[in-house]
Structures are given as C-alpha cells and as structure tokens.
Amino acid sequence: MLTVLFFGPVLLGLALLSFGRLLGTRSFLIASVVPLIAFGWAVAQATGVLDGDVPTATLEWVPALGLDIDLRLDGFSLLFVLLVAGIGTLVQIYAFQYFPKDREEVHRLAGLLLVFTAAMLALVTSANLLVLFVAWELTSITSYLLIGWTDKDPKARASALQALLTTGLGGIAMLGGFVLIGQAAGTYDIAALAAHPPTGTTVEVGLVLVLLGAFTKSAQFPFSAWLPGAMVAPTPVSAFLHSATMVKAGVYLIARFAPIFAAQGIWRPLVLTVGLLTMLTGGWHALHQYDLKRILAFGTVSQLGFMVVLFGAG
C-alpha cells in the first residue's frame, strides 16, 4: 500500500525530474503508468473495503516520538484515491498531447505532477493527523513549483508565491489546531478521535484553526483570490491541481472531521457561513469573466463553496 500510493510515485517522479531530459514528452506516458497502477489497485480493494475490510499500512518514522506513517483505506479514502489516481492518469496522457514534442524541460513537469499525486494520495489515506499535515504541506510545495513552472514569467512567479503563502500559512494554522485537538484527546489517530471525540474550549479553538487551513486550501471566502491567479499555470496543471484534486483537500478535511466534530458549537455556523459566501461570491465573479480559464476558476470556487455547505449541513 505504501509503495503503490506513495513511494512508487515519489521515486519515479524524482527519477524523471533528475534523468528524464532525453525522454521529452514521453515522460508523461511513463508517468501515467504509476497512477494507473494505483487506480487498478484501489479498484481491486473496493469490494473488501465496502464490506468493511479496511487495508492499513504502517512504517516506523520517528521512533523517539512514537510517530509512524500510518495509511488507512476506508470507503471515503477509497473514493478520493480513485479520483486522484484516475484524473492523474488522464492528465498525464493529456499533457503528452498538449505540449509540443520539442518543448524543453517537460520531464520536470511530469515528475512534479507525480510527486504531487503521491502527496495527494498520502493525504487522503492518512490515518494520523501529523502525517496528514506533512502530506498537506507537500501538496503546497509541489503546487508552488507547478504553478510557477514557467519561471521566466513574472505573473507565474507571483501567482505561485501567492498560492504558497495563502495555503502555507493556512497549513501552519491547521497544524496548531491539530496539536490542540491531539493533546486534548491524547491521540492523533483519526479513527480514535472518531470513536471518542474530545470536547471543550481548547478543542473549539483547535477546530477554528483547522477550518482556517481547510478554507485556505479549498479557496473559500475570503481566501479565494489565489485560485484564479493560479490558472496562469499550463492547462494540464490547472486541470489537475485547481479543478480536480488539490483544492478538494480542504473539502476532504471538512468532510472527514464533520462526523466527529459537527456537534461542537462553532463548527456548523462557521462552515455554513463561509461555504455560502464562497458559493455566492464565486458564482457572481464567474458571471463577469471573459477568459475561459478564469470562468472555470471562479466556477470552481463556487462549487467548492457548495460542497462545503453540504458537509456543513450534515
């Protein structure tokens, strides 16, 4: 499980980054094999998962702190693995046709897309809050490199920095929330939190910080501006990161926490308010755009708000 969902994509991605120059656009075809394998593996696991047989994997990471890399494939994670791996495969194949055969440095893009795919797969299968945070920040770093891939374009560099600062600072706030919740509960294991949800003022403060991280990642109001700016990236990057996968990470986190903490006083009012504002403002801005990618960007923002409202309503 660790090899298929994380180490395989990371290692091949780094190999393409370092040694893929001679492959040119063929790098995308090679890169498409790994998410395709992950997709096939997830399909093979589906029957067992839906019957309640949840695969897990553990790798010792920081023994002194008792911190392990724990992955868990339950039904909700399975849905997101299929989405990330399936769309990741299609985007790599699309990129092979999208870029001219003589375009230089495309191997770097193929490699970065694979590393990003690994980060997303680790994020949606993390069984531990701290491991989830590490995967969360890895998506921010790789998205920064992908958005700013055309590094000679000042607009691309500025948009990449804006995305990194917005999602990165939100991620730091989220880490603070994880620590508060984990210390209050005595565990960072998500399944243990679901079995015995902690309560109290400390937990409510932690939830606000966690939601702040989720709102920045999924471009919720008032943090929506970075997503339209990030559309300056090449179309395959925009399709994968900002329409299909990365921006869903915040929605995934809200959905994962909702059954555990929806009864906490601050949760539902905050999630519903922010989601509604995002849905309405995103749709309003989309109506006033003329550039196709910006229409898509603001439409995506609006739909992200819609999904947040659904999970806030319960």
Is the backbone N or O of Leu22 less than 3.5 Å from a side-chain atom of Arg26, with the two atoms forming a donor-acceptor pair by type?
-> yes
Taking the six-membered ring for Trp, are Phe76 and Tyr252 parallel (under 30°), tilted (30 to 60°) or perpendicular (over 60°)?
-> parallel
What closest approach, in Å, do Gly275 and Gln220 show between heavy atoms, and which atom pair accounts for it?
-> CA-OE1, 3.8 Å
Side-chain heavy atoms of Thr199 within contact of Gln264, under 4.5 Å = yes
Check: Arg108 side chain, Leu17 main-chain N or O, donor-acceptor pair, under 3.5 Å | no
Just checking, any donor-acceptor pair under 3.5 angstrom between side chains of Thr166 and Lys217?
-> no
Pick from Asp74, Val131, Leu5: which one makes a side-chain contact (heavy atoms from CB on, under 4.5 Å) with Thr125?
-> Leu5
Can any side-chain N or O of Ser302 pair as donor or acceptor with the backbone N or O of Gly299 at less than 3.5 Å?
-> no
So do the side chains of Leu114 and Pro35 get within less than 4.5 Å of each other, counting heavy atoms only?
-> yes
Any side-chain donor paired with an acceptor under 3.5 Å for Thr58 and Asp70?
-> yes
Can Val274 be reached from Phe311 by stepping across I, L, V, M, F, W or Y side chains whose heavy atoms are under 4.5 Å apart?
-> yes
Looking at CE of Met174 and CG of Leu129, how far apart are the two atoms once the value is rounded to the nearest 0.5 Å?
-> 8.5 Å
Pick one: which of Ser143, Ser140, Ser218 meets side-chain contact (heavy atoms from CB on, under 4.5 Å) with Met246?
-> Ser143
Contact summary for Gln289 and Arg294, nearest pair of heavy atoms = OE1-NE, 3.1 Å
Starting at OG1 of Thr216, measure out to CG of Leu227 and round the result to the nearest 0.5 Å.
-> 12.0 Å
What is the minimum heavy-atom distance between Val232 and Asp153, and which atoms define it?
-> CG2-OD2, 4.2 Å
Assess whether atom CZ of Phe19 is packed by more than 12 heavy atoms of other residues, nucleotides or ligands within 6.0 Å.
-> no
Between the side chain of His196 and the main-chain N/O of Ala192, is any donor-acceptor distance below 3.5 Å?
-> no
Please check if Phe223 and Met307 belong to a single hydrophobic cluster, counting links between Ile, Leu, Val, Met, Phe, Trp and Tyr side chain heavy atoms closer than 4.5 Å.
-> yes
Exercise: do Ser77 and Arg256 side chains pair donor with acceptor under 3.5 Å | yes
Grab the two heavy atoms, one from Glu137 and one from Gly171, that are nearest each other, plus how far apart they are.
-> OE2-CA, 3.6 Å
With a 4.5 Å heavy-atom cut-off, do Leu113 and Gln92 have their side chains touching?
-> yes
Do the side chains of Asp68 and Leu59 get nearer than 4.5 Å, heavy atoms only?
-> no
Reported CZ-to-CG distance for the pair Phe178 and Leu207, which is rounded to 0.5 angstrom | 10.0 Å
Give the minimum heavy-atom separation between Pro9 and Thr3, together with the two atoms involved.
-> CD-O, 3.8 Å
CG (Leu304) and OG1 (Thr278) are apart, to the nearest 0.5 Å, by 8.5 Å
Side-chain heavy-atom pair Ser27, Val106 within 4.5 angstrom cut-off | no
Is there side-chain contact between Trp41 and Leu36, with heavy atoms separated by less than 4.5 Å?
-> no
Given Phe240 and Leu146, is the side-chain contact (heavy atoms from CB on, under 4.5 Å) satisfied, shown in steps?
-> CA-CA 11 Å; Phe240 194 30; Leu146 287 164; over 6 Å; no
Supply the atom-to-atom distance Ile254 CD1 to Lys248 NZ, rounded to the nearest 0.5 angstrom.
-> 12.5 Å
Taking Ser126 for the side chain and Asn128 for the main chain, is one N or O donor matched with an acceptor at less than 3.5 Å?
-> no
Any chance the side chains of Gln162 and Tyr144 put a donor and an acceptor closer than 3.5 Å?
-> no
If you link I, L, V, M, F, W and Y whenever their side-chain heavy atoms are under 4.5 Å apart, who else ends up in the same group as Leu287?
-> none
Does Leu145 reach the side chain of Trp149, with side-chain heavy atoms less than 4.5 Å apart?
-> no
Donor-acceptor pair, Glu204 side chain versus Thr202 backbone, under 3.5 Å?
-> no
Judged by atom type as modelled, is there a donor-acceptor pair below 3.5 Å linking the side chain of Ser159 to the main-chain atoms of Ala230?
-> no
Decide yes or no on side-chain contact (heavy atoms from CB on, under 4.5 Å) for Val179 and Tyr188, but give the supporting numbers first.
-> CA-CA 8 Å; Val179 171; Tyr188 290 94; 4.0 Å; yes
Yes or no on side-chain contact (heavy atoms from CB on, under 4.5 Å) for Ile181 and Phe261, after CA distance, side-chain angles and deciding distance?
-> CA-CA 11 Å; Ile181 293 170; Phe261 297 110; 3.9 Å; yes
Would you say Ser18's side chain and Ala15's backbone share a donor-acceptor pair under 3.5 angstrom?
-> no
Examine distances only and state if a side-chain atom of Lys293 and a backbone atom of Ala233 form a donor-acceptor pair shorter than 3.5 Å.
-> yes
Please test Val251 against Phe80 for side-chain contact (heavy atoms from CB on, under 4.5 Å), starting from the C-alpha separation and ending with a verdict.
-> CA-CA 11 Å; Val251 177; Phe80 273 84; 5.6 Å; no
Could you pull out the closest heavy-atom pair between Ala184 and Val203, with the gap in Å?
-> CB-CG2, 3.7 Å
Phe99 and Phe28 aromatic centres sub-6.0 Å = yes
Is a side-chain donor or acceptor of Ser224 paired with a backbone partner of Ala219 at a separation under 3.5 angstrom?
-> yes
Check whether any side-chain heavy atom of Thr139 lies under 4.5 Å from a side-chain heavy atom of Thr167, and answer yes or no.
-> no
Connected via hydrophobic side-chain network under 4.5 Å: Leu82 and Val34 = no
